[in-house]
Amino acid sequence: MSDYEILVENAKKFHGGLCPGIVMGTRMTIAAMKELGLDPKERSRDLIVYVEIDRCMTDAVQAITGCSLGHRSLKYVDYGKFAATFINMKTGKAVRVSSVEDRSKDPEDQTMEEAIEKLATMPEEELLKLEEVQMEVPENDIPGFPKQKAVCSKCGERIMDGRDVIVDGNVLCKACAKGPYYKSI
Ligand SMILES: [Zn+2]
Ligand SMILES: [Zn+2]
């Protein structure tokens, strides 16, 4: 079995089904990891991935690499783009992989199975663009023991990893400083 055949199964299981995004994410992950000199079938503690979308593709990245929010090795950048940057923290090499496949020319009556088959078999250069990029992971974003801790002077909640802000000399959490994303009732 090819790396793709093995790994797409892991991604499918994690996601709860097979779809074009899972195929895309699997191929992206394999291509980027190989470019970084890593074996996509082996989990690397040195890998950090910045994903640019919160859709199916991202589940494939997580399932295959083992990178997750909880391990601080998966970062979400809300660009809404089918792309991700893989960083080998050991070597410092970073590769951004993005989808260049043009689905606008696909027949309108194309079934999901046909779309999956097309994405799975398409030559890599028609599907993906790989570019080496420079990435500096901020100190407070690196996995491991927290370097900064604070307590909000207004709500009293703990704030990890330097996410606190100083307003008029007071330590505040972002919710208290800028207003929360939720509404208290
Ligand atoms: Zn899906
Ligand atoms: Zn607060």
Side-chain angles (χ1 to χ4, degrees), residues 2-33 40 49-70 73-86 97-104 106-122 124 126-128 140-141 146-185:
S2 68
D3 283 359
Y4 171 80
E5 287 170 303
I6 296 165
L7 294 171
V8 80
E9 276 307 307
N10 298 349
K12 178 185 163 185
K13 217 175 274 169
F14 179 77
H15 187 56
L18 189 62
C19 60
I22 285 298
V23 173
M24 170 74 75
T26 300
R27 296 202 60 185
M28 279 179 157
T29 305
I30 292 170
M33 286 186 77
V49 186
Y50 283 71
V51 290
E52 298 183 15
I53 199 163
D54 55 347
R55 287 195 171 272
C56 305
M57 182 207 103
T58 294
D59 273 358
V61 173
Q62 177 165 355
I64 296 165
T65 61
C67 290
S68 72
L69 276 180
S73 49
L74 187 75
K75 313 288 189 192
Y76 171 48
V77 192
D78 193 6
Y79 284 180
K81 294 169 81 175
F82 291 107
T85 297
F86 291 65
V97 57
S98 53
S99 157
V100 290
E101 144 267 359
D102 181 9
R103 294 186 71 184
S104 64
D106 285 3
E108 262 184 40
D109 58 350
Q110 179 175 260
T111 64
M112 191 167 84
E113 287 68 32
E114 286 165 347
I116 286 169
E117 179 62 18
K118 189 186 159 200
L119 291 173
T121 53
M122 204 175 210
E124 189 172 294
E126 284 173 34
L127 181 71
L128 304 173
N140 273 321
D141 293 355
K147 289 165 194 79
Q148 262 178 272
K149 296 179 194 179
V151 173
C152 177
S153 63
K154 197 174 168 194
C155 69
E157 290 180 358
R158 271 197 298 165
I159 313 152
M160 306 301 287
D161 304 306
R163 268 54 171 180
D164 48 304
V165 287
I166 311 286
V167 180
D168 301 328
N170 299 312
V171 175
L172 292 178
C173 71
K174 286 184 183 174
C176 289
K178 297 169 192 163
Y181 64 90
Y182 54 87
K183 206 167 150 188
S184 294
I185 47 169

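Fair warning: this is a prediction, and the values are worked out from it, not measured in the lab. Both ligands and their constituent atoms are indexed starting at 1 by order of listing.
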Relative to the Zn ion (ligand 2), how many protein N, O or S atoms have a separation of less than 2.8 Å?
4
Keeping the roles fixed (side chain from [X], backbone from [Y]), state whether a donor-acceptor pair exists under 3.5 Å.
X	Y	answer
S73	S68	yes
S153	V171	yes
R27	L119	yes
T26	A60	no

With side-chain contact (heavy atoms from CB on, under 4.5 Å) as the test, would you mind laying out the steps for V49 and Q62 before giving the verdict?
CA-CA 9 Å; V49 186; Q62 177 165 355; over 6 Å; no
Quick one, R163 and N140 - any side-chain contact, counting heavy atoms below 4.5 Å?
yes
Please examine the side chains of K178 and L172, heavy atoms only from C-beta on, and report whether any two atoms are closer than 4.5 Å.
no
Is there a side-chain contact (heavy atoms from CB on, under 4.5 Å) between L7 and T29? Walk through the geometry before answering.
CA-CA 10 Å; L7 294 171; T29 305; over 6 Å; no
If I only include protein atoms of type N, O or S, how many are less than 2.8 Å from the Zn ion (ligand 1)?
3
Chi angles and distances behind the side-chain contact (heavy atoms from CB on, under 4.5 Å) call for D161, Q148:
CA-CA 5 Å; D161 304 306; Q148 262 178 272; 5.9 Å; no
